[in-house]
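Everything on this sheet refers to the single structure shown next.
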Amino acid sequence: MSFTYDRVLTGTTIDDAEMRVRAALKDTGFGVLTEIDVQTTMKEKIDADIPGYRILGACNPKMAYEAIGMEPRIGAMLPCNVILREVANGIEVSAVDPVASMVAVKNAPLHDVAGQVRDMLTTAVDAA
């Protein structure tokens with residue numbers, strides 16, 4: 001089982017890809033709660049040069065509310081991260097698979113919610 005759903009966007013920059021991903025997430029009911037520019041952080045903290053790499057913490061409030069109601073500690077696994085990283089042939093977009101993330105959580109109804117969130121994230125990645 002893969003832990004991410006991936007797609008490569010060709011002929012674009014990381015900035016343009018991020019705008020596309022943010023718009024697609026919004027269209028599927030997600031907001032971006034956190035954002036980390038890993039490339040800049042690595043340079044500032046340890047003087048390491050890496051290709052462009054960004055992490056967007058996406059959240060669908062309705063689904064998060066439902067999940068927290070079923071399992072209050074599930075917030076330790078939120079938000080759903082979506083990464084953008086520069087690769088040889090473009091910008092790879094990867095969204096976490098919430099079903100894979102929750103394998104250790106023994107709560108079948110929660111797994112159903114995770115499946116819905118996975119489908120929504122997949123739709124957003126495909127639309128970007």
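Since this is a predicted model, take the numbers as computed values, not measurements.
Taking a 6.0 Å sphere around NZ of Lys43, one finds it holds more than 12 heavy atoms contributed by other residues, nucleotides or ligands.
In this structure the side chain of Leu56 reaches within 4.5 angstrom of the side chain of Leu84, judged on heavy atoms. Counting only heavy atoms from C-beta outward, the side chains of Arg22 and Lys26 never approach each other to under 4.5 Å.
Of the candidates Val117, Leu110, Asp119, Val113, Val117 is the only one forming a side-chain contact (heavy atoms from CB on, under 4.5 Å) with Pro98.
Side-chain atoms of Gln39 do not come within 3.5 Å of backbone N or O of Tyr53 as any donor-acceptor pair. Judged by distance alone, with hydrogens and angles left aside, the side-chain atoms of Thr28 form a donor-acceptor pair with the main-chain N or O of Leu25 at under 3.5 Å. Not a single donor-acceptor pair under 3.5 Å links the side chain of Arg7 to the backbone N or O of Ile91. With hydrogens and angles ignored, the 3.5 Å screen pairs no side-chain donor or acceptor of Arg118 with any backbone N or O of Asp97.
Linking ILVMFWY residues whenever their side-chain heavy atoms come closer than 4.5 Å, directly or via other members, places Ile50 and Ile46 in the same cluster. In the hydrophobic clustering of ILVMFWY residues, with side-chain heavy atoms under 4.5 Å counting as a link, Tyr5 and Val103 come out apart. One hydrophobic cluster, built from ILVMFWY side chains closer than 4.5 Å, cannot hold both Ile14 and Val87; they sit in different ones.
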Verdict with supporting geometry, Val82 and Val96, side chain to side chain contact (heavy atoms under 4.5 Å, CB included): CA-CA 6 Å; Val82 178; Val96 68; over 6 Å; no

Asp6 and Thr4: CA distance, side-chain angles, deciding distance, side-chain hydrogen bond (donor to acceptor under 3.5 Å, both in side chains) verdict: CA-CA 6 Å; Asp6 312 300; Thr4 59; 2.9 Å; yes

Verdict with supporting geometry, Cys59 and Leu78, side chain to side chain contact (heavy atoms under 4.5 Å, CB included): CA-CA 8 Å; Cys59 181; Leu78 301 177; 5.7 Å; no

Val93 vs Ile83, side chain to side chain contact (heavy atoms under 4.5 Å, CB included): CA-CA, chis, key distance, verdict: CA-CA 6 Å; Val93 179; Ile83 66 167; over 6 Å; no

Stepwise side chain to side chain contact (heavy atoms under 4.5 Å, CB included) check, Thr12 with Leu9: CA-CA 7 Å; Thr12 190; Leu9 306 178; 3.8 Å; yes

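Residues satisfying the side chain to side chain contact (heavy atoms under 4.5 Å, CB included) test with Met77, not counting sequence neighbours, are Ile74, Met102, Val105. Looking at residues two or more places apart in sequence or on another chain, you find no side chain to side chain contact (heavy atoms under 4.5 Å, CB included) involving Ala104.
The list of side chain to side chain donor-acceptor pair (under 3.5 Å) pairs with a residue in residues 77-90, not counting sequence neighbours, reads Arg85-Glu92.
Here Asn60 contributes atom CG and Gln116 contributes atom CD; the two are 10.0 Å apart, rounded to the nearest 0.5 Å.
Minimum interatomic distance between Pro79 and Leu33 (heavy atoms only, all atoms of both residues): CB-CD1, 4.4 Å. Summarising the geometry of Ala24 relative to Ala128, their closest heavy-atom pair is CB-N, 3.9 Å, with the distance given to 0.1 Å. Closest approach of Val99 to His111, counting heavy atoms only: CG2-O, 4.4 Å.
Between Glu71 and Arg73 a salt bridge is recorded (basic side-chain N to carboxylate O distance below 4.0 Å). Ion pair Arg54/Asp15 flagged as a salt bridge, since at least one NZ, NE, NH1 or NH2 atom sits closer than 4.0 Å to an Asp/Glu carboxylate oxygen.
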